[in-house]
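First up is the structure itself, then whatever we jot down about it.
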Amino acid sequence: MFCVTPPELETKMNITKGGLVLFSANSNSSCMELSKKIAERLGVEMGKVQVYQEPNRETRVQIQESVRGKDVFIIQTVSKDVNTTIMELLIMVYACKTSCAKSIIGVIPYFPYSKQCKMRKRGSIVSKLLASMMCKAGLTHLITMDLHQKEIQGFFNIPVDNLRASPFLLQYIQEETEFCSCCPGWSAVAQSQLITTSASQIPDYRNAVIVAKSPASAKRAQSFAERLRLGIAVIHGEAQDAESDLVDGRHSPPMVRSVAAIHPSLEIPMLIPKEKPPITVVGDVGGRIAIIVDDIIDDVDSFLAAAETLKERGAYKIFVMATHGLLSSDAPRRIEESAIDEVVVTNTIPHEVQKLQCPKIKTVDISMILSEAIRRIHNGESMSYLFRNIGLDD
């Protein structure tokens with residue numbers, strides 16, 4: 001249960017309202033739930049704007065109040081139609097820019113195209129393109145959460161705050177909130193919303209082990225394990241996925257000795273191809289609760305394969321925890337029929353329909369940290385304390 005905010009704290013929150021406008025750039029009503037929660041926590045009304053699709057599928061944005069000289073925060077959650085979502089955001093940002101807004105801050109909890117942040121053969125780095133488009137449209141600051149790769153921040157020439165959902169996922173696991181009592185730098189309202197003790201959602205979590213479904217996600221698993229004082233296990237030798245080095249262009253040269261084609265006296269060493277070992281679980285999961293952690297759960301093939309492997313190794317319960325629950329295609333049905341006991345994701349992406357299809361899917365609300373970040377930026381306060389005191393700098 002959250003504490004009731006005292007009247008004197010309500011007065012303090014009113015100070016932050018001047019010159020702040022909060023917009024939702026979504027034309028899809030199902031994507032506006034997070035925006036409404038953030039507005040409620042800040043104690044402000046949503047800005048008046050119309051976002052809709054013309055009959056010819058063009059996106060139209062009409063801002064219906066003055067934003068001149070104000071701090072505009074545009075919240076955009078990604079729908080299934082990701083390209084329309086991007087156009088809605090870009091057009092609204094540009095509309096605010098041409099309406100003389102003082103600053104335009106994008107609040108994009110899940111940054112789309114974040115998986116396309118590396119060169120793949122003769123493809124392109126789409127994350128860089130998207131970052132350039134946002135900056136060119138007029139964005140002056142970006143608030144996001146758990147970027148697929150931290151290096152994406154370098155694609156922007158504006159400040160980027162990459163928040164973390166891990167404190168809320170850890171709170172879901174633990175018996176009580178352990179991180180909220182040491183956050184005196186937070187606003188009093190935010191503290192009152194944080195101070196809560198609730199029963200653990202994972203009974204006997206002390207008998208759990210944090211699992212990385214591939215070596216690439218081992219660092220994230222290690223962070224969770226260290227904070228929970230639990231063991232760690234890594235699954236190695238799984239089927240090759242699209243994140244591997246085999247598809248990043250480094251195998252473009254022929255993997256054969258070619259002497260005459262370059263220079264008669266020059267001999268290029270033959271490149272030895274990689275060979276995946278049999279699936280191996282590094283770490284003990286027998287008789288334990290296995291908690292698989294990752295940043296995105298979209299195509300569930302790798303998660304289902306990991307769950308089967310962990311069951312074979314003796315894990316008696318399997319949980320999956322991820323920040324962004326894209327859950328595309330028939331993912332809910334496959335999860336419901338799998339060995340996974342529960343999937344925990346945050347509300348960075350709306351997935352109420354998927355939850356109806358699969359009762360195993362649970363949601364953790366992260367609107368509190370987004371609203372606190374908005375408050376701090378609008379008031380000109382430092383974000384460093386927020387990052388430092390609840391472990392967001394990992």
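For the single chain, residues carry numbers from 1 onward in sequence order.
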Do [X] and [Y] pair up side chain to side chain, a donor and an acceptor below 3.5 Å, judged on atom types alone?
X	Y	result
Thr323	Asp295	no
Glu33	Asn347	no
Ser99	Arg68	no
Thr346	Asp365	no
Thr85	Gln76	no
Asn162	Thr144	no

Per the side chain to side chain contact (heavy atoms under 4.5 Å, CB included) rule, which among [options] passes with [X]?
X	options	answer
Ile38	Val44, Leu370, Ile366	Leu370
Met321	Ile292, Ile173, Val364, Val345	Ile173
Ile374	Asn379, Ile369, Leu22	Leu22
Val293	Leu169, Val320, Val344, Ile210	Ile210

*Centres of the Phe156 and Phe111 rings: under 6.0 Å?*
yes
*For side-chain hydrogen bond (donor to acceptor under 3.5 Å, both in side chains), just list the numbers for Gln53 and Thr59, CA-CA rounded to whole Å, side-chain angles, deciding distance to a tenth of an Å, and then say yes or no.*
CA-CA 5 Å; Gln53 308 299 316; Thr59 299; 3.1 Å; yes
*Hey, does Ile158 have a side-chain heavy atom less than 4.5 Å from the side chain of His141?*
no
*Contact check, side chains of Leu42 and Arg375, non-hydrogen atoms, under 4.5 Å*: yes
*Partner set under side-chain hydrogen bond (donor to acceptor under 3.5 Å, both in side chains) for Ser329, not counting sequence neighbours*: none
*Listed by chain and number, what are the side-chain hydrogen bond (donor to acceptor under 3.5 Å, both in side chains) partners of Gln222, not counting sequence neighbours?*
Glu226
Shared hydrophobic cluster for [X] and [Y] (ILVMFWY, side-chain gaps under 4.5 Å):
X	Y	result
Val82	Leu90	yes
Ile152	Leu326	yes
Ile232	Val211	no
Ile104	Leu130	yes

[X] side chain to [Y] main-chain N or O, any donor-acceptor pair under 3.5 Å?
X	Y	value
Thr280	Pro278	yes
Lys362	Pro359	yes
Asn26	Thr77	yes
Ser223	Arg220	no

Quick test of your reading of the model: are [X] and [Y] salt-bridged, counting only N-O distances below 4.0 Å?
X	Y	result
Arg60	Glu54	yes
Lys37	Glu40	no
Asp204	Lys317	no
Glu337	Arg333	yes

Any residue meeting salt bridge (charged side-chain N to carboxylate O under 4.0 Å, His left out) with [X], in chain and number order, not counting sequence neighbours:
X	answer
Asp341	none
Asp299	none
Asp146	none

*By ring pair (Phe, Tyr, Trp, His ring centres under 6.0 Å), which residues pair with Tyr110, not counting sequence neighbours?*
His324
_Gap separating the CG atom of Leu129 from the CD1 atom of Ile125, nearest 0.5 angstrom_ = 10.5 Å
*Atom NZ of Lys136 with >12 non-hydrogen neighbours under 6.0 angstrom*: no
